[in-house]
Each structure stands twice: as structure tokens, then as C-alpha cells.
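What you see is a predicted model; the values in this text were computed from it and never measured. Start at 1 and go down the list; that is how both ligands and their atoms are numbered.
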Amino acid sequence: MDITTALAPAEATSPSPVDADMVKDVVSGLSATQKFLPSRWFYDDEGSRLFQKIMIMPSYYPSRVEHEILVRRAQDLVRWIAPSSGEVDLIELGCGDGTKTVSLCTALHDAGVPLAFHAIDVSAHALAELSTRFKHELPQVAVHALRGDYFQRWPSVYALRKQVAMFLGSNIGNLPIAQAIGLLKRIRSRLKRGDLLLLGVDLQKDPRAVLAAYNDVEGVTAQFNLNLLSRLNRELGMNFDLTAFRHYACYSPIDGAARSFLVSTVEQTVRSTQLARTFHFRAGETIYTEQSQKYTFDTVEELAASGGFTVCDHITDAREWYSISVLGAH
Ligand code: AVI
């Protein structure tokens, strides 16, 4: 197996004490009329550990159903990815530890598709696990691990080979619409006509099932949400009292958005030594921390068109709870 781990220069050094983007987001988010903190800051080590826990909870169906589609509908995906005998570069944005994709790569390999797998992720730890997984389970496939932010990085590939990009995990749903379109356009600009993007999207369904996924009785999503405040305490010298905030999740079938908030249970002022700022909270005031968009086939089509793609197919589970939508670069 050929494993190339390319470290982005800025990421190869130890993290700087204060992240300038985080400072910008926190100052603007906590000064806004409707306070907000972007969900990208959830994923420090503890946040990633809690998200792993969420993914195996019975109420959190998206990861389970997506995995089921990747396994049960692998042959349909193989037919789209490799309708003829040419070589394919499979490029996964935000690959994690490879659990999602190893079964699809196995199906492609078993179908005799000449394949190179380019795995992009910010986490060196996840990439190391992915490399080990492929070494044990599928040593015949060349894995190129690329560490970095998928908003910026792209592997070097041969211009003539077919490229199939993958953005799974329903991660598109966490991006504000302008950013989601921006990401699709960026991916499109790297592809040529006839290449594909496989996009994992969570579909609209019984609102009670959606709400249960973000409002689990075990309280793991609450811990995941509150961990954001622990992170800001640690990294920006803030003094959030975690017992004075509560997780609140809601789902609106009108716009298909599941939203998470942290509610201040009392009137309070939070300080940051690093920022030399204070932020005031009324009792009951909320910080909007995450949007998880749920789609219909129509809204996937609108999103795809805005990003420069056409929808070729929606590969779903039997209940149509989730779709790996096949988008064609035209
Ligand atoms: C990573 N992302 C797709 C998850 C979601 O469903 O929006 C994050 C998550 N938030 C709460 N539970 C899971």
C-alpha cells in the first residue's frame, strides 16, 4: 500500500495558543442580537470523542442509515462510480477514520475497478486510523492521506482519470446555505465534465424522529453542545459556568432545520481574560450553536444546481430517511 501523508505546513507545528478565527467568531457571535457560535468549534478532542458516542446512539440514525446505504446499495454506487473500465480517483472530504468508506472501496475493488483513494481530513489521528484500517482490510487499494481543511485542500490527480468526490456524514447540513453552495462550487471547479460528487444528505421525515436524534435522553448531545463552552473557557480564558447553561434542540418541518441552542438559565456576565471582553446574558437568552439541515429531493436538486451539478440519482435506504445523492458535473 502506498500511503502519502502530506502535512499542511501551518498544521505541522503545535497549535498557537489563541486561534484568530475562533476569536473573530466568538466576538461577533456573542455580540450579536441573536447570539451564535459556529458549530465548527465543537470538534476539539473531547468534542470528537462525544460525537463518536453520538454516532452509536440508537436515536442518532443518520450515521447508521448512511452506513447501511453504503453497504446494502454498494452495487448501485459502483455502477455510478465506474460504469466503464477506466481508473478512478475517489476523493473523500472529511474522511474521518475510514469506517464509512472502506466497504465501498472493497466493493469497487471486488468489481475490478482500478482505484486510488484520496482521504482528506484535519485530524492526523483519524488519518492514521484510516491508513491502518485500509492496510489490514484492503491492502490492495492505494491510499493517499492528505491532512488539512477540505475547504482549501485538494489532492494532485491525473487530469485524465475520472474523479469521484465524496462528502458524506450529512456534514453539508451543518453549513449555512451560502457556505454549502460555496463548497459545492469549489468542488465543482476541481472536477471535469462527467466526474461525480456523492453527497450524503439527511432527508425530511417524521419530525419526532429528527428531534429525538438531537435531544437524546442519555444527554450525550447536551454534553457535546456544552463542551463548546468548556473549550472556550480553556482556549480563550472565558469563565462560562456550565451549570448555568442548558442544551435546547428543536426541529421545524417548515424549513427542515434542526437547531441546537445553549440557554442561559440565569442573568449572568461571562468574561474572557484573553479577549479582555465581557458578554452579558439575560435569563433565558440563547446561543444558537448548530443547524442540521434536512432536505427533500427537491431541495437537494436546488442545492446541486446552485453548485453547478445535476442530480443523477438519489441512493436511499428503504424508508427514504437518508440519501447518498449522486451529483454529476455538467
Ligand atoms: C456532524 N453533523 C452532521 C452532525 C449533525 O447531525 O448535524 C453533528 C451533530 N450534532 C448533534 N448531533 C450530531
Side-chain angles (χ1 to χ4, degrees), residues 36-70 92-101 120-123 126 149-151 166-177 179-180 183-184 198-231 245-253 255-263 286-295 299-300 303 317 321-325:
F36 66 91
L37 290 168
S39 58
R40 62 185 282 229
W41 301 114
F42 278 150
Y43 302 94
D44 62 352
D45 287 349
E46 178 62 2
S48 303
R49 191 190 68 78
L50 288 166
F51 183 52
Q52 297 286 333
K53 240 174 130 178
I54 288 174
M55 285 195 291
I56 54 170
M57 284 188 324
S59 58
Y60 190 75
Y61 61 83
S63 313
R64 193 175 56 249
V65 179
E66 183 182 72
H67 188 250
E68 186 186 308
I69 297 169
L70 284 166
E92 185 171 10
L93 288 74
C95 55
D97 64 8
T99 9
K100 285 199 290 272
T101 325
I120 309 176
D121 206 279
V122 277
S123 163
D149 179 348
Y150 51 68
F151 283 94
M166 294 195 296
F167 190 45
L168 301 177
S170 169
N171 290 321
I172 193 81
N174 294 134
L175 300 178
I177 184 68
Q179 263 185 49
L183 180 62
L184 292 196
L198 305 183
L199 187 66
V201 290
D202 196 12
L203 297 173
Q204 293 184 17
K205 59 187 66 64
D206 184 333
R208 291 167 300 183
V210 177
L211 186 58
Y214 296 90
N215 204 26
D216 54 292
V217 282
E218 299 90 337
V220 184
T221 309
Q223 285 179 48
F224 175 69
N225 200 2
L226 282 161
N227 177 60
L228 181 53
L229 302 186
S230 310
R231 182 176 188 183
F245 286 88
R246 285 271 171 79
H247 168 69
Y248 173 73
C250 58
Y251 173 65
S252 165
D255 62 359
R259 294 188 174 89
S260 289
F261 299 85
L262 288 164
V263 187
T286 58
I287 313 173
Y288 176 29
T289 52
E290 185 178 53
Q291 166 162 347
S292 301
Q293 187 63 39
K294 311 302 166 194
Y295 298 85
T299 56
V300 174
L303 176 66
D317 57 301
W321 273 29
Y322 195 94
S323 169
I324 296 180
S325 296

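Here the side chain of Asn215 pairs no donor or acceptor atom with the backbone of Ala249 at under 3.5 angstrom.
Inclusion of Lys294 in the set of residues having an N or O under 3.5 Å from an N or O of ligand 1 is not warranted.
When heavy-atom distances to ligand 1 are checked against a 4.0 Å cut-off, Asn225 has no atom that comes that close, whether in backbone or side chain. With a 4.0 Å cut-off on non-hydrogen atoms, Phe42 does not touch ligand 1 at all.
Distance CD1/Ile172 to OG/Ser325: 11.0 Å, rounded to 0.5 Å.
The aromatic rings of Tyr60 and Phe51 sit perpendicular, their planes meeting at an angle over 60°, well past the 30° parallel limit. Relative ring orientation between Tyr61 and Trp321 is described as perpendicular, the plane-to-plane angle rising above 60° on a 0-90° scale split at 30° and 60°.
A donor-acceptor contact under 3.5 angstrom links the side chains of Asn225 and Thr289, judged on distance only.
Nearest protein heavy-atom contact of atom 2 (N) of ligand 1 is Asn174 OD1, 2.8 Å. Of the protein's non-hydrogen atoms, Ser292 OG, 2.6 Å is the one closest to atom 7 (O) of ligand 1. Annotation: atom 10 (N) of ligand 1 to nearest protein heavy atom, Glu290 OE1, 2.7 Å.
Distances below 4.0 Å separate heavy atoms of Gly169 from the following atoms of ligand 1: 3 (C). Annotation for ligand 1: atoms under 4.0 Å from non-hydrogen atoms of Ser170 are 3 (C). Of all atoms in ligand 1, listed by their number and element, those nearer than 4.0 Å to a heavy atom of Tyr60 are 4 (C), 5 (C), 6 (O), 12 (N), 13 (C). Interface of Tyr43 with ligand 1, defined as ligand atoms under 4.0 Å from a residue heavy atom, comprises 1 (C), 8 (C).
A centroid separation of 6.0 Å or more is found between the aromatic rings of Tyr251 and Tyr214. Here Phe245 and Phe261 keep their ring centres 6.0 angstrom or further from each other.
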